[in-house]
*Asks:* 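I'd like to ask you about the structure that follows.
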2 protein chains.
Amino acid sequence: MTSTEALDVLEAYLQRKGLKTTAQRRLITEVFFDPRFKKDHPSVDDLFRHVRAQDANVGYATVYRTMKLLVECGLASPRQLGPTDKETRYEPESPGEHHDHLVCLDCGHIVEFENEAIEALQEDVARAYGFAIKEHRMVIYGHCTRTDCERRPSAGAHP
Amino acid sequence: MTSTEALDVLEAYLQRKGLKTTAQRRLITEVFFDPRFKKDHPSVDDLFRHVRAQDANVGYATVYRTMKLLVECGLASPRQLGPTDKETRYEPESPGEHHDHLVCLDCGHIVEFENEAIEALQEDVARAYGFAIKEHRMVIYGHCTRTDCERRPSAGAHP
DNA sequence: GTTGGTGCAAATTGTTTGCATATAA
DNA sequence: TTATATGCAAACAATTTGCACCAAC
């Protein structure tokens with residue numbers, strides 16, 4: 001989803017809730033959906049720094065509060081891909097899409113994928129235990145084979 | 001794995017590392033592997049309270065430090081099943097075993113399961129992207145059908 | 001006797017909140 | 001004009017760390 005579409009979704013949500021469209025909320029949303037940035041699962045701090053580059057007055061708290069709004073209206077999902085990561089990272093969401101993650105334990109590289117066969121099996125499992133699935137999370141940790149994969153012990157994850 | 005077996009694993013690990021076996025480390029490990037407790041994915045605070053019931057002098061920091069040791073020697077895994085939970089919870093591990101989780105969004109009930117077909121498909125996915133799998137995490141969120149399932153909005157997870 | 005452990009309290013870190021001011025509606 | 005947002009600093013909560021004393025080895 002483009003940043004323009006995301007803004008539309010956000011503004012509709014704000015209107016419906018009687019909240020206000022502000023320059024800060026627009027800017028943060030634009031940064032979050034910026035194609036140069038989108039794939040990075042940014043933390044609040046990442047977002048804060050990029051936002052400050054465009055408007056030096058935005059506060060940390062505003063970024064937190066805006067990300068909470070984006071989550072509420074379905075435009076973002078909080079993630080914790082590396083179980084040792086302490087900060088929450090955010091992923092842009094497009095309604096109807098879903099993907100899971102492959103995370104390289106060496107370089108931190110993240111690949112998103114989707115697999116219908118796995119999802120069908122998940123349905124079977126859930127049914128067997130009397131659960132109605134709302135959603136799921138799946139992360140596979142391993143070692144990637146990128147030529148530029150270098151050990152980054154601090155990269156996050158020992159899962 | 002029984003608490004006795006766990007203690008053996010821990011002591012072997014401590015010895016190999018030149019570390020010391022102490023009463024506190026033994027007690028915390030026993031509590032963590034106590035069958036009455038095992039299934040509960042306890043937080044450090046849960047453990048701390050049960051440990052204090054047996055020895056009123058143990059400090060919070062010691063529980064943290066000991067859980068870190070248990071993770072290092074493979075006896076425990078840190079989990080964050082409800083993405084809104086802030087505290088880390090721990091799950092007892094037995095080498096060679098693996099299970100994933102079903103979490104009820106209403107009552108917080110957790111079911112552990114294992115599914116080889118899903119794991120086989122994960123291998124396929126990883127191979128397709130050039131990843132060698134080390135391990136994985138899968139959590140399915142939904143609504144359970146237990147008769148005593150009651151909405152616990154604070155129960156944890158809106159994933 | 002050494003080396004490592006414990007308990008406490010203080011420090012750190014990520015996140016939230018209270019409040020006076022500013023701004024969208 | 002009136003309700004909501006903002007930015008700042010202070011508050012919080014989970015976890016970590018420094019240090020004086022203790023206890024395994």
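Every chain is numbered from 1, with letters handed out A, B, ... down the list of sequences.
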*Asks:* From CZ of B:Arg79 over to P of D:dA14, roughly how many Å is that when rounded to an integer?
*Replies:* 21 Å
*Asks:* Between B:Asp46 (side chain) and B:Ser43 (backbone), is there a donor-acceptor pair under 3.5 Å?
*Replies:*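 Pair found, side chain donor or acceptor close to backbone of B:Ser43.
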*Asks:* Reading DNA chain D from 5' onward, which residue's closest nucleotide shows up sooner: B:Leu19 or A:Thr62?
*Replies:*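 Of the two residues, A:Thr62 wins.
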*Asks:* By nearest atom, which of the nucleotides C:dA9, D:dA5, D:dC8 is closest to the B:Ala61 side chain?
*Replies:* C:dA9
*Asks:* Nearest whole angstrom, please: distance from the P of C:dT6 to the CG of B:Asp55.
*Replies:*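 Checked: the CG to P distance equals 11 Å.
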*Asks:* Is it the case that the side chain of B:Glu5 and the backbone of B:Thr2 share a donor-acceptor pair, with hydrogens and angles ignored and the cut-off at 3.5 Å?
*Replies:* yes
*Asks:* Hey, does B:Thr21 reach any base, or is it just sugar-phosphate, or nothing, if we go heavy atoms under 4.0 Å?
*Replies:* sugar-phosphate
*Asks:* Rounded to whole angstroms, how far apart are NZ on A:Lys17 and P on D:dA3?
*Replies:* 19 Å
*Asks:* Measure the acute angle between the ring planes of A:His98 and A:His136, then classify it against the limits of 30° and 60° as parallel, tilted or perpendicular.
*Replies:*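 Rings of A:His98 and A:His136: perpendicular, as their planes differ by over 60°.
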*Asks:* Return the value, rounded to whole Å, for the distance between atom CZ of A:Arg16 and atom P of D:dT4.
*Replies:* 16 Å
*Asks:* Can a side chain N or O of B:Gln24 be found less than 4.0 Å away from OP1 or OP2 on D:dA23?
*Replies:*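 No, outside the criterion.
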*Asks:* Provide, to the nearest angstrom, the distance between the OH atom belonging to B:Tyr90 and the P atom belonging to D:dA14.
*Replies:* 13 Å
*Asks:* So, is A:Thr88 close to the C:dG14 phosphate, meaning a side-chain N or O under 4.0 Å from OP1 or OP2?
*Replies:* no
*Asks:* Side chain of B:Lys20 only, please: which of D:dA24, D:dC8, D:dA3 is the nearest?
*Replies:*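 Side chain of B:Lys20 sits closest to D:dA24.
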*Asks:* Looking for any heavy atom pair under 4.0 Å, which part of the strands does B:Lys68 touch: base, sugar-phosphate only, or nothing?
*Replies:* sugar-phosphate
*Asks:* If you find the nucleotide of DNA chain C closest to B:Ala56 and the one closest to B:Gly18, which residue's nucleotide is nearer the 5' end?
*Replies:* B:Gly18
*Asks:* Under 4.0 Å between a side-chain nitrogen and a carboxylate oxygen: does that hold for B:Arg36 and B:Glu30?
*Replies:* no
*Asks:* Identify which nucleotide among D:dG7, D:dT6, C:dT6 has an atom closest to any side-chain atom of A:Thr22, counting heavy atoms from C-beta outward.
*Replies:* D:dT6
*Asks:* Do A:Lys86 side-chain and D:dA14 base share a donor-acceptor contact under 3.5 Å?
*Replies:*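 When only heavy-atom distances are counted, A:Lys86 does not reach the base of D:dA14 through any donor-acceptor pair under 3.5 Å.
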*Asks:* Between atom CD1 in B:Ile28 and atom C1' in C:dG5, what is the gap in whole Å?
*Replies:*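 Result: 11 Å.
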*Asks:* Closest nucleotide of DNA chain C for B:Tyr60 versus for A:Gln15: which of these residues is on the 5' side?
*Replies:*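 Taking each residue's closest nucleotide, the earlier one in sequence belongs to B:Tyr60.
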*Asks:* For residues A:His50 and A:Phe37, establish whether the separation of their ring centroids is below 6.0 Å.
*Replies:*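 Yes, the ring centres sit under 6.0 Å apart.
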*Asks:* To the nearest Å, give me how far apart OH (A:Tyr13) and P (D:dA5) are.
*Replies:* 11 Å
*Asks:* Is there a donor-acceptor pair under 3.5 Å between the side chain of B:Arg25 and the backbone N or O of B:Lys20?
*Replies:*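 Yes, because the side chain of B:Arg25 sits within donor-acceptor range (under 3.5 Å) of the backbone of B:Lys20.
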*Asks:* Using atom CZ of A:Arg26 as one end and atom P of C:dT23 as the other, report the distance to the nearest whole Å.
*Replies:* 14 Å
*Asks:* Given D:dA14, C:dG5, C:dG7, identify the nucleotide with an atom nearest to the side chain of B:Arg25.
*Replies:*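 Of the candidates, C:dG5 comes closest.
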*Asks:* Below 3.5 Å, does any donor atom in the side chain of A:Arg65 face an acceptor in the base of D:dG7, or the other way round?
*Replies:*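 Such a pair exists between side chain and base.
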*Asks:* How would you label the contact of A:Asp45 with the nucleic acid (heavy atoms, under 4.0 Å): base, sugar-phosphate, or nothing?
*Replies:*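 Here A:Asp45 touches no strand at all.
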*Asks:* C:dT15, OP1 or OP2 - any side-chain N/O from A:Tyr64 closer than 4.0 Å?
*Replies:* yes
*Asks:* Side chain of B:Asn57 only, please: which of C:dG7, D:dT15, C:dG5 is the nearest?
*Replies:*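 The listed nucleotide nearest to B:Asn57's side chain is C:dG7.
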